[in-house]
Every structure is written in structure tokens, then in C-alpha cells.
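Working notes, structure below.
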Amino acid sequence: MTVTYCAPKEESHPCVYLPHVPVWCMRQAGRYLTEFREFRAGKDFFETCQSPEACCELTLQPLRRFGFDAAIIFSDILVIPQALGMDVQMVAGKGPTFPEPLKEPEDLQRLTAKVDVGKELGYVFKAITLTRHKIEGKVPLIGFSGAPWTLMSYMIEGGGSNTHSKAKRWLYRHPEASHMLLTMLTDVIVEYLLGQVAAGAQALQVFESHAGILGPVHFNEYSLPYLRDIARRVKDELKEAGQDVPMIVFAKDAHYAVEDLSQSHYDVVGLDWTIDPQSARERTGGKVSLQGNMDPCALYAPKERISDIVKKMLEGFGTRGYIANLGHGVYPDMDPENVGAFVEAVHQHSKQMIKKI
Ligand code: 1CP
């Protein structure tokens, strides 16, 4: 099954000129919004993900409140392990849970060898097409996927983990099987991202949320080659069809890798808050755009303080080749007003900075 987005005639081009630095937030659709909690109440998380209408509504909720310059489709990175045949449940108070995680290399045989991405994940494509229409060209719609290592770690750990020791055990004990699993995931991710673009996604973000636990040596062996392969294959395939879509890579806690990431076929490198904006600029040498990186916890500060922090961040990154964001997602206990203050501060300070150029 393929879903192809056909733009309505009146839709404006997404690459519009903005008088300010664009801003969006990871997890901008989330539990910090009362309307999100009300909508999700009593509904199963993954059933919600499978409803295009629900995903569309949840994607649009933050846009109604704040002046975000992009939408990110409501879904989850764990729909890929589900497409590979694994059972994943969202347990209240615990987070995502795999009742039968992968334990040993033989367990790879349990995974679907050739995933029919259109059939298994067509509901995400439908959600993207519906949402793209509903946005009416006001802001671009971002599609996303988890990166291979992050998905592998969930599939082996069976849920969130502090040490990721079960998944890292595979890297030390079963390097071949690890590469096999990462390759399987990469193949599905490439097709999944291309399907999202066909359905109407105007940018793509790849989340390597568990990069930090790897360290430089393992990152170079088990993460970076797959991240590169994903961007290269998606870009090559799109190029053949005369298309291009900006791609963002977000490898959390992998500041040691920013140079490599800036040369890995992605257009934008997303940064967490543990790296200084100016040094990120120096290390990436203007080769890519940067995204990030305010500490999400700065949203607990009073609004005036948020404005000062944003100003410093903008001065560090500069206004060109830059997308403002947090260094990770919005937390459920955050005050929506402060999220609004963050967005306003980015717009206001960057407008003034651009005027001075
Ligand atoms: O019931 C709920 O609403 C649960 C909270 C929630 C939400 C709002 C989860 C469970 N997933 C989501 C949506 C989601 N997940 C989005 C939506 C778009 C948006 O950003 O607004 C996105 C992009 C994700 C991606 C995602 N899921 C990541 C990568 C980003 C990151 O946070 O590093 C990861 C690691 C997940 C797994 C996941 N899903 C949900 C939780 C609580 C977790 C993390 C669990 C853990 O390992 O601690």
C-alpha cells in the first residue's frame, strides 16, 4: 500500500521567507498540554498512533497554542519494532515495554525478514497525508524515525534502561548478529522514511536518542555507518525522482561526533544542551545547519530568564543555518506558558538580530 500526497492548488511553498529564526520543540505534542491529556485519556497509546485522525489532531494541538514554525507528526519510534513483528505495549507509569525482548542472536529469526512497510506502517503515511492537508501549508510537516542503534537497544532491553547493558552485551559478545540486526533495521527505516516523504512529509528527523551510552568507538562502529547509510540512500532515491527533503540527525549525548555527523549527508545536526553553540559552529565549520539546544529544564525558569537564555543561545549559533529547539523533549510537568515564552523569545530576539545584519 502506498499513500501519495497530492498538494492542493492553494498550498503555499514550504520554503517561505521567515523574518525570524524558525523554532519547534521535540515532544511539542505531549502530556504537558491539557488538551493532549484529555484527548489521550482512556485510549491505548499505540491504538492512538494507529489512528490517522487522532495523530492529526495531536500534531495540530501545539500549533493552535504556539507560533511553532514546524509540526512533527505524532507517532513513536517504536512502531518499527512492531512492524518487524514484536509486541510493544505502553505501560502507564513505566513507558514502552516489550513482553518478549530479543535475548540471543537466535531470536532474530522471530523478526519478519521482509517487512511490507506500506502494509505495516501505512497508518503513519495516512496520518501524514491527512495532517499535511489540514496544515494548509502554514508550516512544514516533519516526519521521523528512530535510528537503528536506538531501536536495537529497545528491542533487546525490552524498554527504557539506564545502563543499556543487555544491548551493549550484544555489541561485545555478538558483533555479527548486532550488525545483522542494525542492517535489517536500516533497510526498514529507509523505506519508512521514503514512504513518509511520498505521503507528504517535508523534512525528516532521525532520532539516535541512545547514542550517548555508546562512546566514540562503538558509535563509529554501530551507529554512524547506519546513520550515514540512511541519509545517503534516502537522498539518492529522492534525487532520482527529482526531489530533495532536508534531513536532520539528532544523536543525543554524542558531542564527540558532531564533526562526523556534519559530514554524514544530513542537512541539519540536532544538538543536546551539553555542547556550547559556538564550539558546535566551529567544529562543524558551517558545513551544515544546526538545531537545538536549550536545556529543556530551562523551561522551569521564570519567563524573563528564559528570554535571556534564548538570547545567549541565538548569539552563540547566529541566525543563519539555524533552527531553534530544545536539547531534548518537553517534559510532562512543564508549564505550557513557558513553552510559549520560549517560542516568542526566539522570534523576538532573532527578528532584532536579523534587522541589524
Ligand atoms: O501516553 C503518552 O502520551 C506517552 C508519552 C509519549 C509521547 C507523547 C510517548 C511514549 N511517545 C510520544 C510521542 C512521540 N515519541 C513523538 C511525537 C512527536 C512530538 O515530538 O511531538 C516523538 C517524536 C517520539 C519519539 C520517541 N519515542 C523517542 C525519540 C525522542 C526522544 O525522546 O529521545 C523515544 C526515545 C521514544 C520512546 C518513548 N516513547 C514514549 C516514551 C515515554 C518513550 C521513552 C521511554 C524511555 O526510554 O525512557
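Each ligand, and each atom within it, is numbered from 1 in the order the structure gives.
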Residue and atom name of the nearest protein heavy atom (relative to atom 12 (C) of ligand 1), distance in Å to one decimal: Phe45 CZ, 3.6 Å

Side chain to side chain, Ile189 and Pro148, heavy atoms closer than 4.5 Å: yes

For atom 32 (O) of ligand 1, closest protein heavy-atom neighbour: His328 NE2, 3.1 Å

Protein contact to atom 42 (C) of ligand 1 [nearest heavy atom, distance to 0.1 Å]: Pro96 CD, 4.2 Å

Any donor-acceptor N or O pair under 3.5 Å, side chains His349, Glu315: no

Heavy atom of the protein closest to atom 29 (C) of ligand 1 (residue, atom name, distance): Ser209 OG, 3.3 Å

Flag for Gln109-Asp107: side-chain donor and acceptor within less than 3.5 Å: no

Option with minimal heavy-atom separation from atom 13 (C) of ligand 1, where the choices are Gly159, Gly95, Ala29, Ser75: Ser75

For Phe74, the ligand 1 atoms whose distance to one of its heavy atoms is below 4.0 Å: 8 (C), 13 (C)

Per-atom contacts of ligand 1 with Phe36, taking only distances under 4.0 Å to non-hydrogen atoms: 3 (O), 8 (C)

Trp24 side chain to Gln291 side chain, donor-acceptor N/O pair below 3.5 angstrom: yes

Heavy atom of the protein closest to atom 1 (O) of ligand 1 (residue, atom name, distance): Arg40 NH2, 2.5 Å

Enclosure of Arg37 CZ (heavy-atom neighbours >12, cutoff 6.0 Å): yes

Contact check, Tyr154 vs ligand 1, heavy-atom distance below 4.0 Å: yes

Leu58 heavy atom under 4.0 Å from ligand 1: no

Atom CZ of Arg169 with >12 non-hydrogen neighbours under 6.0 angstrom: yes

Any Gly329 heavy atom less than 4.0 Å from ligand 1: no

Student check: side-chain heavy atoms of Leu314 and Met353 closer than 4.5 Å: yes

Distance-only polar pair, side chains of Asp69 and His347, donor-acceptor under 3.5 Å: yes

Atoms of ligand 1 close to Ile73 [distance to a heavy atom under 4.0 angstrom, numbered from 1]: 18 (C)

Interatomic spacing from CD1 in Ile309 to CD in Glu304 - rounded to 0.5 Å: 11.0 Å

Contact atoms of ligand 1, heavy-atom distance to Gly160 under 4.0 Å: 47 (O)

Candidate pair Tyr172 and His218, rule ring pair (Phe, Tyr, Trp, His ring centres under 6.0 Å), full reasoning: CA-CA 10 Å; Tyr172 284 103; His218 272 169; 4.6 Å; yes

Closest to atom 40 (C) of ligand 1 among Arg31, Met90, Gln61, Gln205 (heavy-atom distance): Met90

Gap separating the CG atom of Asp229 from the CZ atom of Arg233, nearest 0.5 angstrom: 5.0 Å

Identity and distance of the protein heavy atom lying nearest atom 25 (C) of ligand 1: Ile77 CG2, 3.7 Å

Heteroatom proximity flag, Thr150 to ligand 1, N/O under 3.5 Å: no

N or O contact, Arg27 vs ligand 1, cut-off under 3.5 Å: yes

Atom 23 (C) of ligand 1: nearest protein contact (heavy atom, Å): Phe144 CZ, 3.5 Å

Beyond-backbone contact of Phe250 with Glu208, side-chain heavy atoms, under 4.5 angstrom: no

Closest protein heavy atom to atom 27 (N) of ligand 1, given as residue, atom name and distance to 0.1 Å: Asp76 OD1, 2.9 Å

